[in-house]
Amino acid sequence: MTHTLLTRSTVIDAPLERVRSLIEDPHAWESWSPWQELDPAMQQTYSGAERGVGAKMVWAGNKKAGEGRMTVVTVEDNLVEVDIEFIKPWAAQNRSHFKLQPTEGGTAVAWSMSGEQNLMMKVMFKVFNMQKRIGADFERGLARLKAVAEG
């Protein structure tokens, strides 16, 4: 059963199209992803479409960064969805949902993650307070996305 694990949001003083372009392009994630700093020597390989649906990125890094792949699966006016498969340090499949809404201050962005949680993942979420940890990552990522989009 798939369910939302967490959601964080912000308002970015930039047009929706600019914000969406930074999310639908895996190359652009290097400028705002909260996980980029986990391993400055992380190897990233791109394939598929340059941007938008079918754009892919594979990463392999140190113990903190782990290993995995992401694929942009949905790009609509107000929504970008990215499938993220973690291979190391543990296997997991999640989907990130970026809901974009034009607002008076620019663009409201809500970043959610959903996925299956087997028993081990449920225990890890509780024991390691993953809601708080991943939530902090999302908040940092949204702050960086805001800085890049507004810059």
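Quick caveat, the model's predicted, so the values are computed rather than measured.
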Please confirm whether the backbone N or O of P34 pairs with a side-chain atom of R140, one donor and one acceptor, at under 3.5 Å? yes

Rounded to the nearest 0.5 Å, what separation is found between the CD atom of E81 and the NE2 atom of H97? 5.5 Å

Close side-chain approach of L145 to V19, heavy-atom, < 4.5 Å: yes

Determine the minimum heavy-atom distance between A14 and T107, stating which atoms define it. O-OG1, 2.7 Å

Taking all heavy atoms of A65 and all of M42, pick out the closest pair and write down the distance. CB-SD, 3.9 Å

Evaluate the side-chain proximity of D83 to Q93: yes if any heavy-atom separation is below 4.5 Å, no if none is. no

Please tell me if the side chains of R144 and S31 come closer than 4.5 Å, counting only heavy atoms from C-beta onward. no

Are E85 and K56 within salt-bridge range, i.e. N to O under 4.0 Å? no

For the CG atom of L6 and the OG atom of S114, what is their distance to the nearest 0.5 Å? 10.0 Å

Hydrophobic cluster membership, Y46 vs W32, 4.5 Å side-chain cutoff: yes

Looking only at heavy atoms, which two atoms of P102 and N78 are closest? And how far apart? CD-OD1, 4.2 Å

Could you pull out the closest heavy-atom pair between I84 and M70, with the gap in Å? CG1-CB, 4.0 Å

Would you say E30 has more than 12 foreign heavy atoms packed within less than 6.0 Å of its CD? yes

Under the rule for salt bridge (Lys or Arg N to Asp or Glu O under 4.0 Å), what residues qualify as partners of R18, not counting sequence neighbours? none

Carboxylate-amine/guanidinium contact E37 K64, below 4.0 Å: no

With the side chain counted from C-beta on, respond yes when T74 and V80 share a heavy-atom pair under 4.5 Å apart, and no when they do not. no

Which class fits the ring pair F98 and W29: parallel under 30°, tilted 30 to 60°, perpendicular over 60°? perpendicular

Minimum heavy-atom separation for I12 and A149, please, with both atom names. CG2-CB, 3.7 Å

W111/S96 under side chain to side chain donor-acceptor pair (under 3.5 Å): CA gap, chis, key distance, verdict: CA-CA 7 Å; W111 184 3; S96 278; 3.2 Å; yes

Report the C-alpha distance between H27 and D25 in whole Å, list the side-chain angles of each, state the deciding distance to 0.1 Å, and finish with yes or no for side-chain contact (heavy atoms from CB on, under 4.5 Å). CA-CA 5 Å; H27 301 86; D25 179 357; 2.9 Å; yes

Rounded to the nearest 0.5 Å, the OG atom of S33 sits from the CE atom of M57 at a distance of 7.0 Å

Flag the pair I23 / L100 as yes when at least one side-chain heavy-atom distance between them is below 4.5 Å, and no otherwise. yes

Taken to the nearest 0.5 Å, the spacing of R20 CZ from E76 CD works out to 10.0 Å

Less than 4.5 Å apart, any side-chain heavy atom of R69 and any of I87? yes

Would you find a donor on one side and an acceptor on the other, under 3.5 Å apart, between the side chain of Q43 and the backbone of A41? yes

Distance in Å, K99 NZ paired with L79 CG, rounded so as to fall on 0.5 Å steps: 7.0 Å

State, with a plain yes or no, whether a side-chain heavy atom of P89 is found less than 4.5 Å away from one of K63. no

Separation between CG of L38 and CH2 of W59, rounded to the nearest 0.5 Å: 10.5 Å

Exercise: identify the closest heavy-atom pair between V75 and G52: CG2-CA, 3.8 Å

Is there a side-chain contact between T71 and V82 in this structure, where contact means two heavy atoms from C-beta onward sitting under 4.5 Å apart? no

Hydrophobic clustering (ILVMFWY, side-chain heavy atoms < 4.5 Å, transitive) - are V58 and V53 grouped together? no

Kindly indicate, with the supporting measurements, whether the criterion side-chain contact (heavy atoms from CB on, under 4.5 Å) is fulfilled by V11 and V109. CA-CA 6 Å; V11 174; V109 181; over 6 Å; no

